[in-house]
Amino acid sequence: MDTKQWMSVTLFIATALMLFISFLSYRKRHLPVAKTMIFIMLAAACYAFGYAFEVLSGNLKEVKLSLQIEYLGIPFVTTLWLFQVIQFTGTASRYRKQLAIALFLIPITVFVLHATNEWHHLIYKRYVLNVESSIPLYTTVKGPWYEVHTIYNYSALLYGILLFIPMYWKALPIVRKQILVLLLGAIAPMLFNMFFWFGVTVDLTPFGFAVSGVAYVWGILRFNLLRLTPLAYAKVFETIRDGVILFDYEDQIISYNRAAEKVFPELGLTKRYPADMAMVLSASPVLIQHIRAASDGDDRFPFHRMYANRTRHYSCSLSLIYESSTVLIGKILMFNDITQMKESEDRLRENARQLSDLNAFKDKLFTVVAHDIRDPIALLVSLTELLGDELTASDFEHAELVRELKGQVQSTFHLVENLLDWYRSQEGKVVFRPLGWNLQQVVRQALLLAGTKAGMKQIRLTEHIDEKFGVRADKEMLDLILRNLLSNAIKFTGIGGKIEIEARLEGKMVIVSVSDNGVGIDEQTMELLLKEEPFLKVMVNGGDSGDTRFGLALTREFVRIHGGSLWFKSQPGIGTTFSFSLPATAGRMDAFDDGGLEEDGYESDYGG
């Protein structure tokens, strides 16, 4: 294979390589730099492909045709590379279109002048047959615009390199490698072109593009050249909302973002970077100590400083950056502003302290209720009972008034009792000891205790409960539940009314219902009861509220402790039914002194 053949084969291979790079770039065409890379490689491919034909040409006509193919790319390669550098570095982003027009004025002019060179010879003055060698077949005498284009190309290359220098020193390691690949892709053709200055008549520039093609393929496959450009890295770095400072392996500051400058305004006052950390951050010796002490793994620590007469709090994260698994090349410090969260914590802590003081006051208040109010009212209950018995025996004319006073004192005493029971349940001080109980016996005992009060209004109390029904419940709580429901039923049932207690088994729960034919509950009161407010003053059709204010809330709470629920149905003027559920038990049921209640019989009447 002679020289012409191996040169042409090499150029065809270079052409194929550059077309392959164009294909790789096309797959990333959504990126502006990838689009530019497509045009760079297509222009270089035209240059190499045309020059391959020029090497194989046998006459002047074929040489000129080959030059026309070459000049599809020659005027534009360097300018396209410079434009790509501008995209990478983010130069003049607002005036990118105007800059592109200005940059391509000379390349377009050169292209047009070469296409019309036979008219004016401004690119090539004449073609001279090479009698000493067949490569090239013809040498050219350059015209003035060829010189203009040469100066323009070298100027563009120099300007692109100058744009890369500051970015290289500030860039991350992977970005530096991308910059080196792009520089190699531009410098290789320039170096091959400079052989003209040493008297070489063969244009070796297309072979330089072959080197560029290899470099670009290596950069794309090895360093993600077209995935994330240095400008994209910079944009990501700047748009991070947390403050970020980058240090090299000597703990010198090499870069930071705007958010970090807000934390440390002194960063913006430093003119030259890399800068000594100890000098820039001299006002924060504790932070410097943390950064220097980091040697293995990530470190998190709090940090605060005064800024604009306000203490700013930050959560800091310090991470080590490795070139490989063992070579430490730097550190990255991130500041997350947690000032608002810290101030909110302080406010919550103060609110918790105030709430604790209020709770302590409330405990003292209920202690006063328990000792200084309950005991005197209990004494009043005993005195009014004695006084009522004596006046009834002597048939005193005001005996009815005394009985009313006795009822009011007893109602107030039950109100205080319910209030204290509710308070103890909310504080978790009520002891819950569930045992198995015969439901019929417990209900009959509750009816017996309520019989006297029901008898005063001639109310008939009836229970319909299977004697085999057993419930697992705390006896004291169950008594309070039944007492409250019976007390409310008696209170809102008229003279000669009727109250019934029934029970049925549903699955593993026993449903107990207390029904009356009293005045019922109006809609407004129903809404209040459904809200489950703990402090209710229930007024039923204008009646006295009594201890209903806390009784129902306490009843509902005790039922929930047992794992059941409380609900009601009511129709004004017809009556009300309160129902609650308790866990059923089929095991042993504890006995208690039933006070002489009969154990047999399906229905028992009390009162009336």
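Start at 1 with the first residue, then count along the sequence.
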Item checked: Straight-line distance of L80 CG to T36 OG1, nearest 0.5 Å -> 7.0 Å
Notebook entry, point to check: What's the spacing between Y159 OH and L82 CG if we round to 0.5 Å?
Noted result: 7.5 Å
Next item on the list: Could I get the full list of ring pair (Phe, Tyr, Trp, His ring centres under 6.0 Å) partners for F335, not counting sequence neighbours?
Entry: F264
Notebook entry, point to check: Where do N59 and E62 land on the side chain to side chain contact (heavy atoms under 4.5 Å, CB included) test, with the steps shown first?
Noted result: CA-CA 6 Å; N59 54 59; E62 291 178 358; 3.3 Å; yes
Next item on the list: Kindly write out the residues that satisfy side chain to side chain donor-acceptor pair (under 3.5 Å) with S565, not counting sequence neighbours, or none if the list is empty.
Entry: none
Checklist line | Minimal non-hydrogen separation, P144 against K125, with atom names | finding: CD-CE, 4.4 Å
Check: Atom CD in E147, atom CD1 in I123: separation rounded to 0.5 Å?
Finding: 10.0 Å
Next item on the list: Please report the shortest heavy-atom distance between V263 and P265, naming the atom on each side.
Entry: O-CD, 3.5 Å
Checklist line | side chain to side chain contact (heavy atoms under 4.5 Å, CB included) between L287 and L333, worked out | finding: CA-CA 10 Å; L287 181 63; L333 180 65; 4.0 Å; yes
Check: Under 3.5 Å, is there a donor-acceptor pair between the side chain of T139 and the main chain of V128?
Finding: yes
Next item on the list: Using a strict cut-off of less than 4.0 Å between a Lys/Arg side-chain nitrogen and an Asp/Glu carboxylate oxygen, indicate whether R347 and E350 qualify as a salt bridge.
Entry: no
Checklist line | ring pair (Phe, Tyr, Trp, His ring centres under 6.0 Å) partners of F247, counting only residues at least two apart | finding: none
Checklist line | N257 side chain vs D242 backbone, donor-acceptor pair below 3.5 Å | finding: yes
Margin query: Please enumerate all residues that pass ring pair (Phe, Tyr, Trp, His ring centres under 6.0 Å) together with H114, with sequence neighbours excluded.
Written below: Y71, Y124
Notebook entry, point to check: In chain order, what residues pass the salt bridge (charged side-chain N to carboxylate O under 4.0 Å, His left out) check against E506, with sequence neighbours excluded?
Noted result: R504
Next item on the list: Look only at the side chain of H562 and the backbone of G564, and say whether a donor-acceptor pair between them is shorter than 3.5 Å.
Entry: no
Notebook entry, point to check: Would you say the side chain of W81 lies within less than 4.5 Å of the side chain of L157, judging by non-hydrogen atoms?
Noted result: yes
Notebook entry, point to check: Does any pair with a residue in residues 103-118 pass salt bridge (charged side-chain N to carboxylate O under 4.0 Å, His left out), and if so which ones, sequence neighbours excluded?
Noted result: K64-E118
Check: Using the ring of each side chain (for Trp, its six-membered ring), is F111 parallel, tilted or perpendicular to F76, with breaks at 30° and 60°?
Finding: tilted
Checklist line | Donor-acceptor under 3.5 Å (T339 side chain, H313 main chain) | finding: yes
Notebook entry, point to check: Atom NZ in K4, atom CD in E54: separation rounded to 0.5 Å?
Noted result: 10.5 Å
Note to self: Ignoring hydrogens, what is the shortest heavy-atom contact between V280 and A275? Give both atom names and the distance.
What the structure shows: CG2-CB, 3.8 Å
Notebook entry, point to check: When you measure from the side chain of H290 to the backbone N and O of V286, does any donor-acceptor pair fall under 3.5 Å?
Noted result: no
Check: Can you tell if the side chain of W145 reaches within under 4.5 Å of the side chain of V110, non-hydrogen atoms only?
Finding: yes
Item checked: Heavy-atom pair with the smallest gap, counting every atom of M18 and A48 -> CE-CB, 3.7 Å
Next item on the list: Applying salt bridge (charged side-chain N to carboxylate O under 4.0 Å, His left out), name anything that partners E266, two or more places apart in sequence or on another chain.
Entry: R305
Checklist line | Partners meeting salt bridge (charged side-chain N to carboxylate O under 4.0 Å, His left out) with R300 (sequence neighbours left out) | finding: none
Margin query: Take a 6.0 Å sphere around CZ of R27 and say whether it holds more than 12 heavy atoms from other residues, nucleotides or ligands.
Written below: no
Note to self: If you apply the rule side chain to side chain contact (heavy atoms under 4.5 Å, CB included), what do you find for Y146 with L122, and how did you get there?
What the structure shows: CA-CA 7 Å; Y146 185 93; L122 292 175; over 6 Å; no
Check: To the nearest 0.5 Å, what is the distance between CD1 (I38) and CG (L19)?
Finding: 12.0 Å
Item checked: Close side-chain approach of V9 to M7, heavy-atom, < 4.5 Å -> no
Next item on the list: List the steps, then state whether side chain to side chain contact (heavy atoms under 4.5 Å, CB included) holds for I332 with L318.
Entry: CA-CA 6 Å; I332 180 170; L318 181 63; over 6 Å; no
Check: With sequence neighbours excluded, what pairs up with D251 under the salt bridge (charged side-chain N to carboxylate O under 4.0 Å, His left out) test?
Finding: K331
Check: With side chains defined as the heavy atoms from C-beta onward, is the minimum distance between L281 and I253 less than 4.5 Å?
Finding: yes
Next item on the list: Could you point out which residue of R241, R312, K262 forms a side-chain hydrogen bond (donor to acceptor under 3.5 Å, both in side chains) with D337?
Entry: R312
Notebook entry, point to check: So, for S581 and V559, which heavy atoms are closest and what is the spacing to 0.1 Å?
Noted result: O-CG1, 3.8 Å
Note to self: Show the nearest heavy-atom pair for residues M37 and S25, with the distance to one decimal.
What the structure shows: CG-OG, 3.1 Å
Notebook entry, point to check: Heavy-atom distance under 4.5 Å between the side chains of M509 and P583, does that happen here?
Noted result: yes
Notebook entry, point to check: Is the closest side-chain heavy-atom distance between Y152 and L103 below 4.5 Å?
Noted result: yes
Notebook entry, point to check: Do any N or O atoms from the side chain of T15 and from the backbone of F49 form a donor-acceptor pair under 3.5 angstrom?
Noted result: yes
Margin query: So for atom CD, which belongs to Q98, do other residues, nucleotides or ligands contribute more than 12 heavy atoms lying within a distance under 6.0 Å?
Written below: yes
Note to self: Applying side chain to side chain donor-acceptor pair (under 3.5 Å), can you list everything that pairs with S284, at least two apart in sequence or on another chain?
What the structure shows: none
Next item on the list: Check whether any side-chain heavy atom of S317 lies under 4.5 Å from a side-chain heavy atom of N336, and answer yes or no.
Entry: no
Note to self: Nearest 0.5 angstrom please: L67 CG to I74 CD1, how far?
What the structure shows: 7.0 Å
Margin query: Going by side chain to side chain donor-acceptor pair (under 3.5 Å), name the residues that satisfy it together with Y314, two or more places apart in sequence or in a different chain.
Written below: none
Notebook entry, point to check: Is there side-chain contact between L267 and I245, with at least one heavy-atom pair below 4.5 Å?
Noted result: yes
Item checked: Non-neighbouring partners of E343 that pass side chain to side chain donor-acceptor pair (under 3.5 Å), sequence neighbours left out -> R310
